[in-house]
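Accompanying notes for the structure given below.
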Amino acid sequence: MAAVSKQQLLDLSTKEWQKLLKILDELPAILRLQKDEEETSPKDIIGHRAHWIELYLGWFRDGRAGKEVFFPAKGYKWNETKRYNADLRQQQSGLTWDAARSMLESNHAELLALIESLSEEELYGGPMKGANNNWTAGRWAEAAGPSHYRSAAKYLRQRMRIAAVK
């Protein structure tokens, strides 16, 4: 169930972040850069999650400043997220595990700081400025943070289970 208040969003963000951190700490080093059948590694997943938080922060700031907001990014449409994510993986191909994790941790801290700085009204009082849809800033923050943490944790647990069976 989606958060509908600042406190719920903070609680959900903390809960899902702690679950993801536990898995990141348990992930064997040998798996961190190992590609799956879709040519995606755990490092790629972590870099992707960090990047999408960065995108959200940019969307929020640009919308608030009255600038044009590109969803998901300039030159891409929502129905092109598969291509966008593939391009992102290519751009982040030289990223190390430690750099990806550090980027995720920094962006998570920045996301939490933004959430904490906003009022209930700014988070849930209406559509996020520049978004051109009905999602609130809080709903977008949840999609970029805790929802992404949850899916990353699921992926990483699955990778660890598969490795344990081999």
Side-chain angles (χ1 to χ4, degrees), residues 1-29 31-32 36 40-67 69-73 78 81 84-85 88-89 92 95 97-162 164:
M1 188 167 129
V4 294
S5 72
K6 178 178 179 172
Q7 191 57 55
Q8 285 179 354
L9 179 57
L10 287 168
D11 292 348
L12 184 62
S13 297
T14 300
K15 174 184 163 189
E16 296 301 335
W17 177 250
Q18 291 303 319
K19 287 180 184 179
L20 179 57
L21 275 183
K22 184 177 186 307
I23 292 165
L24 292 176
D25 290 341
E26 294 171 356
L27 187 71
L31 290 181
R32 293 174 183 170
D36 63 14
T40 303
S41 70
K43 185 267 301 178
D44 296 332
I45 295 298
I46 297 311
H48 172 272
R49 286 356 186 234
H51 178 76
W52 277 81
I53 293 170
E54 209 170 281
L55 280 176
Y56 165 74
L57 294 169
W59 299 335
F60 180 83
R61 289 184 187 118
D62 286 349
R64 197 173 211 190
K67 296 179 182 176
V69 179
F70 297 97
F71 283 94
W78 279 115
T81 53
Y84 181 79
N85 289 334
L88 175 62
R89 266 194 310 280
Q92 291 183 340
L95 199 61
W97 170 262
D98 289 339
R101 184 162 175 177
S102 177
M103 186 168 60
L104 181 64
E105 290 172 357
S106 293
N107 291 355
H108 168 73
E110 194 172 341
L111 177 65
L112 279 187
L114 175 65
I115 293 167
E116 289 172 351
S117 75
L118 297 174
S119 69
E120 194 78 31
E121 179 67 21
E122 290 169 310
L123 284 166
Y124 291 102
M128 185 170 83
K129 291 178 181 172
N132 297 321
N133 64 32
N134 290 327
W135 278 28
T136 64
R139 180 65 187 100
W140 279 110
E142 183 175 345
S147 291
H148 259 147
Y149 303 158
R150 191 178 312 114
S151 66
K154 180 180 176 183
Y155 172 86
L156 295 171
R157 279 192 304 270
Q158 180 181 17
R159 287 293 303 267
M160 289 191 298
R161 277 194 298 274
I162 290 169

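The analysis underlying the following values was restricted to heavy atoms, covering all of them including side chains, and did not include hydrogens, waters or symmetry mates.
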Exercise for review: For the residue pair E122 and K129, establish whether any side-chain heavy-atom pair is separated by less than 4.5 Å.
Suggested key: no
Review point. What's the spacing between H48 NE2 and S151 OG if we round to 0.5 Å?
Key: 8.0 Å
Review point. Looking only at side chains, do S41 and D44 share a donor and an acceptor under 3.5 Å apart?
Key: yes
Check your understanding: So how far is it from R139 CZ to L123 CG, rounded to the nearest 0.5 Å?
Key -> 13.0 Å
Check your understanding: So does K15 pair up with E142, basic N to acidic O under 4.0 Å?
Key -> no
**Study point:** From I23 atom CD1 to Y149 atom OH, the distance as rounded to the nearest 0.5 Å
**Key:** 13.5 Å
Check your understanding: Does the side chain of P72 reach to within under 4.5 Å of the side chain of W78, using non-hydrogen atoms?
Key -> yes
Review point. Under 4.5 Å between any side-chain heavy atoms of L104 and R49, yes or no?
Key: yes
Check your understanding: Charged N to carboxylate O below 4.0 Å: is that the case for K6 and E120?
Key -> no
Exercise for review: Could you tell me whether N132 atom CG has more than 12 heavy atoms of other residues or ligands within 6.0 Å of it?
Suggested key: no
Check your understanding: What are the two closest non-hydrogen atoms of A143 and H148, and how far apart are they?
Key -> O-ND1, 3.4 Å
Exercise for review: Please report the closest heavy-atom contact between I53 and A144, naming both atoms and the distance.
Suggested key: CG1-O, 3.3 Å
Practice item. Taking all non-hydrogen atoms of both residues into account, name the closest pair between P127 and N133 and its distance. Key: CB-O, 3.3 Å
Review point. To the nearest 0.5 Å, what is the distance between CH2 (W97) and CZ (R32)?
Key: 5.5 Å
Review point. Which atom pair, heavy atoms only, marks the closest approach of A152 to I45?
Key: CB-CG2, 3.8 Å
Point to revise | Shortest non-hydrogen contact between S13 and I115, atoms and distance | key: OG-CD1, 4.2 Å
Exercise for review: Could you tell me the separation between the CZ atom of R101 and the CG atom of L24, rounded to the nearest 0.5 Å?
Suggested key: 5.0 Å
Check your understanding: Is the number of heavy atoms from other residues, nucleotides or ligands within 6.0 Å of CG (N134) greater than 12?
Key -> no
**Study point:** Pair H51-Y84, side chain to side chain donor-acceptor pair (under 3.5 Å): steps then yes or no
**Key:** CA-CA 11 Å; H51 178 76; Y84 181 79; 2.5 Å; yes
Check your understanding: Just one of F60, F71, Y56 clears the ring pair (Phe, Tyr, Trp, His ring centres under 6.0 Å) bar with W140, so which one?
Key -> F71
Review point. For residues W52 and N85, is any side-chain donor paired with an opposing acceptor at under 3.5 Å?
Key: yes
Check your understanding: How far apart are the closest heavy atoms of L20 and A153, and which atoms are they?
Key -> CD1-N, 3.9 Å
